[in-house]
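Proteins come first, then strands; the chains are lettered A, B, ... in the order of their sequence lines, and each starts at number 1. Source: prediction; values computed, not measured.
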Amino acid sequence: MADKVTFDLVTPSKLLATSEVEMVVVPGAEGDFGVLAGHAPIVSSLRPGALEVYENDKPTERYFVSGGLAEMVGDRLTVLAEEAIPVSELQADDMAQRVRDAEEDVNDATDEDVKARAQERLDHLRDIQQVLS
Amino acid sequence: MPSLKDLRNRINSVKSTQKITKAMQMVAASKLRRAQEAAEAARPYSDRMERVVGALAANVAGQEGAPRLLAGSGSDQRHLLVVATAERGLCGGFNSSIARAAKAKIEDLREDGKDVKILCIGRKGRDALKREYGDIIIDTIELAGIRQIGFGEAQPIARRLNEMFDADEFDVCTVFFNTFVSVVSQVVTEQQLIPVDPAANGEAPPDLGGAIYEYEPEESEILADLLPRNVAVQVFKVLLENAASEQGARMSAMDNATRNAGDMIDKLTLQYNRSRQAVITKELIEIISGADAV
């Protein structure tokens, strides 16, 4: 297990993490996937969820990401998140606020397609909220 | 030879000018710190976004059915230049250097027989270009009154560019702005926004060894979301870099102005003292020669 993944986590407002790690579990739009060194090139959009960084088979850091894009090329994993917060800094009422916002989005949606997407987002957020509490 | 009163008035007027430039310098310095932090914090995201998009662009280049934002419209006849400048002057060569670069580009393009249109961001760019190119400026986006540039300012501009591109109003979009290097150095930069230029960041696209990207969900869905967002992110970067450069340029320009005013006050004060002494000497001579004559 000598190979490492170069992992960058960036948001529009700052560079949150850049390091060499063993494995990263990314909350992809179609399911979580783990990225190890030598992973096939992949581009995936993200759903709201927890991004986990593994070191020696143990999760060392966890981030909440609200959406964005992950790209894996060679040994470099770049996560472009719309928003990312270390789970340790995440507050319960902040999360509740997000759930409320998502609920509003569902109620406000007029388009069926938009409504379905907003509902999906809300479900993800509720899942995360349950895990936290 | 100006009279003593004239000299005194001039010294006072230069002194009040100096107070203004000094105050402007200090205001610019405090704004600069915030603008610089914002610009530097946003850099990693836009750089990496550019790299990801560039890699994708290199990958789908030449393929059938590639999105237009990536592959272009198949022609480079009509150019749109986005000239991003400041809302206000008194910041040294900041606005004029951007305008100069834009003018050179316009002339180049015209020589090649291309059609050029201009979209100005910021009032000063329009002022500099409207005399020569007034007929091809399609609009000016003013950002006056915005204290801190947020992503919200970039989005409408990006949306507009995307809509214009979708409506087939131009083929290539290039943006001009100043990259912030340091307080005394801002570099005029020309960046092609649409279509994405894979070689733009000077890095060779990564070698996939013949492998093809996997897309989750579908390629078209990701690209449809990513490409317009990339335009917004790049516009956001342009606005932030420009804001920081403007404050930097203003700070050094005002610093120079304050120093020049100081030199001028010294020179005028010396002249004032000399003339006063000359007047006193003249009066003394008159009194003495008057007394001698009696």
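Your options are Ser46(B), Pro44(B), Ala38(B), and the one with the most heavy-atom pairs under 4.5 Å with chain A is Pro44(B).
Looking at Thr78(A), only its side chain comes within 4.5 Å of chain B, counting heavy atoms on both sides. Proximity to chain A is limited to the side chain of Leu226(B), based on heavy atoms less than 4.5 angstrom apart. Heavy atoms closer than 4.5 Å to chain B are found in the backbone of Ala81(A), but not in its side chain.
Not counting sequence neighbours, the partners of Glu82(A) by the salt bridge (Lys or Arg N to Asp or Glu O under 4.0 Å) test are Arg229(B).
Taking CG of Leu15(A) as the reference point, atom OH of Tyr45(B) lies at 12.5 Å (rounded to 0.5 Å). We find the CG-CZ distance between Leu80(A) and Arg48(B) to be 8.5 Å, quoted to the nearest 0.5 Å.
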